[in-house]
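Report on the structure given below.
Please read these numbers as outputs of a predicted model, since none were measured by experiment. Only this structure's heavy atoms are used, side chains among them; waters, hydrogens and symmetry mates stay out. By convention here, the first residue in the shown sequence is residue 1. For ligands, and for the atoms within them, numbers begin at 1 and follow the listed sequence.
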Amino acid sequence: MSDQKRVRVRFAPSPTGGLHLGGVRTVLFNYLFARHHQGDFILRIEDTDQTRYVEGAEQYILDCLSWCGLIPDERPQSGGEYGPYRQSERKHLYAQYAKQLIDNGHAYYAFDTPAELEQMRNSVANFRYDHSSRTQLRNSLTLSADEVSRLLEGDTPYVVRIKMPEDQVVSFTDAIRGEITFETSQVDDKVLLKADGMPTYHLAVVVDDYLMKITHAFRGEEWLPSAPVHLLLWEYLGWKDAMPQWAHLPLILKPDGHGKLSKRDGDRLGFPVYAMNWLDPRTGELTKGFRELGFLPQAFVNMLAMLGWNDGTDQEIFTLEELIEKFSLDRVSKAGAKFDFEKAKWFNAEWIKRLPVDELLPAVKNVLAQHNVTHTNDAYIEQVLRLVHDRLTFINDFWQQASFFFVAPQQYDLDAVKPRWSEQKTAYFNKLATCFEALQSWDAAGLETVFKELAAEDNLKTGEVMLPFRIMLVGGKFGPQVFDIAALLGKNKTLDRIAKALTLIRE
Ligand code: GLU
């Protein structure tokens with residue numbers, strides 16, 4: 001492949017359900033590679049398997065990509081020079097290539113009915129349609145040419161299968177794994193064209209990667225066993241020189257490192273595996289997503305980038321721009337990457353701390369709206385955010401950490417103050433309320449000075465009155481610096497809360 005060729009990569013999902021985080025990582029690596037090389041990133045919907053097609057799955061994939069900010073340059077919705085981008089709409093393109101392969105002796109018609117194949121499977125242990133069994137089956141290699149023509153003309157259902165060579169060794173150089181070699185006798189004669197006229201993945205991926213001028217193809221490691229079939233198809237179709245550079249990405253593993261992370265692991269261990277909530281229209285089952293749990297797209301993307309890639313330093317926090325600049329395939333590891341939910345949460349907390357508050361505002365307003373708080377001005381929310389953002393793991397934690405800034409506490413942790421309460425403290429807080437009332441200006445430093453001076457006058461240690469003051473304002477033993485809270489709440493609310501809590505404490 002010449003170096004001048006414009007880089008073109010594709011993400012090629014099948015619309016069969018929710019988008020696993022491994023899928024989003026494949027999107028991300030495609031996107032980073034394309035942007036790094038000023039190339040094109042294509043979304044191609046591989047919907048040739050009508051039996052697995054799920055309504056809404058394509059839109060869901062697009063929504064996930066938009067949420068992550070990884071927008072393809074060419075996609076079914078907006079089209080492009082190499083469309084259509086849905087394989088079902090390209091159905092008419094594939095048969096000619098299947099025919100070409102048959103004419104060249106690299107593929108054949110197989111007329112075996114599903115029932116016949118089922119019978120073979122039941123009677124022959126580990127039955128495979130391959131070089132050893134095809135000689136005993138009903139196909140254009142065993143039937144006479146006349147019989148084949150008669151069957152084809154009579155509209156007998158058939159599939160087209162690749163004729164895998166019996167004893168050839170094929171190899172290619174994977175951009176991550178280096179040279180990989182296969183023995184063709186180990187591979188069965190995969191179906192290329194199905195009885196409904198649709199291509200299988202094997203034929204469609206090769207034809208479309210060719211027609212769409214894909215230069216680099218990144219896909220999960222689970223596709224490695226299919227590589228010899230694809231390699232031979234590129235060769236048999238006469239396109240070998242145009243074959244994309246393949247990179248089989250490492251698996252994302254279960255937290256214990258044993259096997260591929262599945263949706264079921266997420267259910268079992270209590271964390272999401274899908275990018276966004278996915279409601280399966282067939283079963284009504286809802287699978288939770290990272291977005292709805294309160295992940296920021298920046299954190300989700302950053303976390304995914306680090307699953308199998310690093311820039312060679314200890315740096316872990318990267319913006320998308322930095323990732324684009326630094327991404328290279330030679331730093332993608334061969335080994336599977338263990339998924340660690342605690343680490344994923346750390347990325348989110350870091351991103352919440354780092355993002356300017358105005359960027360967090362929409363998500364926070366969403367959280368507030370869920371709790372029926374809608375009439376608050378943005379400037380106030382931003383001030384609250386500045387005080388609490390380093391305490392949030394998820395955006396949704398905002399309510400738990402900051403609800404008292406918007407509504408008075410519903411409950412007070414009185415057990416934390418009552419046992420050590422005294423009339424001296426009642427007197428102190430009454431005096432404090434009077435002094436606060438008289439203040440001309442209302443800021444944290446001023447409040448702290450008054451608070452401490454009064455405590456000293458009353459021979460109270462600051463610590464003895466600080467916790468009760470916090471509980472009066474917040475309801476519990478948490479939250480930012482107490483004078484910052486009072487300053488932001490304002491005079492009226494602070495005085496109201498002191499008065500209300502004093503009554504409760506003394507009840
Ligand atoms: N349609 C395949 C999938 O859903 C795509 C594999 C590839 O990228 O070649 O995983």
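- Each of His202, Glu235, Lys190 was evaluated against His230; a single residue qualifies, His202, per the side chain to side chain donor-acceptor pair (under 3.5 Å) test.
- Regarding atom 10 (O) of ligand 1, its nearest protein heavy-atom neighbour is Trp223 NE1, 3.2 Å.
- Atom CZ of Arg268 sits in a crowded spot, with more than 12 heavy atoms from other residues, nucleotides or ligands closer than 6.0 Å.
- Per-residue contacts place Arg10 under 4.0 angstrom from the following atoms of ligand 1 (heavy atoms of the residue considered): 7 (C), 8 (O), 9 (O).
- Atoms of ligand 1 found under 4.0 Å from any heavy atom of Arg219 (numbered from 1 in listed order, with element): 7 (C), 8 (O), 9 (O).
- Taking the six-membered ring for Trp and the full ring otherwise, Phe29 and Trp309 have centroids separated by 6.0 Å or more.
- Interface atoms of ligand 1 facing Val205, defined by a heavy-atom separation under 4.0 Å, are 9 (O).
- Listed by number with element, the atoms of ligand 1 under 4.0 Å from a non-hydrogen atom of Glu46 are 1 (N), 2 (C), 5 (C).
- Using a 3.5 Å distance cut-off with no hydrogens or angles, the side chains of Asp189 and Tyr108 do pair a donor with an acceptor.
- Heavy-atom neighbours of Tyr129 OH from other residues, nucleotides or ligands within 6.0 Å: above the threshold of 12.
- By the 6.0 Å and 45° rule, Arg35 does not stack over the aromatic ring of Phe33.
- Among all protein heavy atoms, the one lying closest to atom 6 (C) of ligand 1 is Tyr201 OH, 3.1 Å.
- For Ala12, a nitrogen or oxygen atom sits less than 3.5 Å from a nitrogen or oxygen atom of ligand 1, counting backbone and side chain alike.
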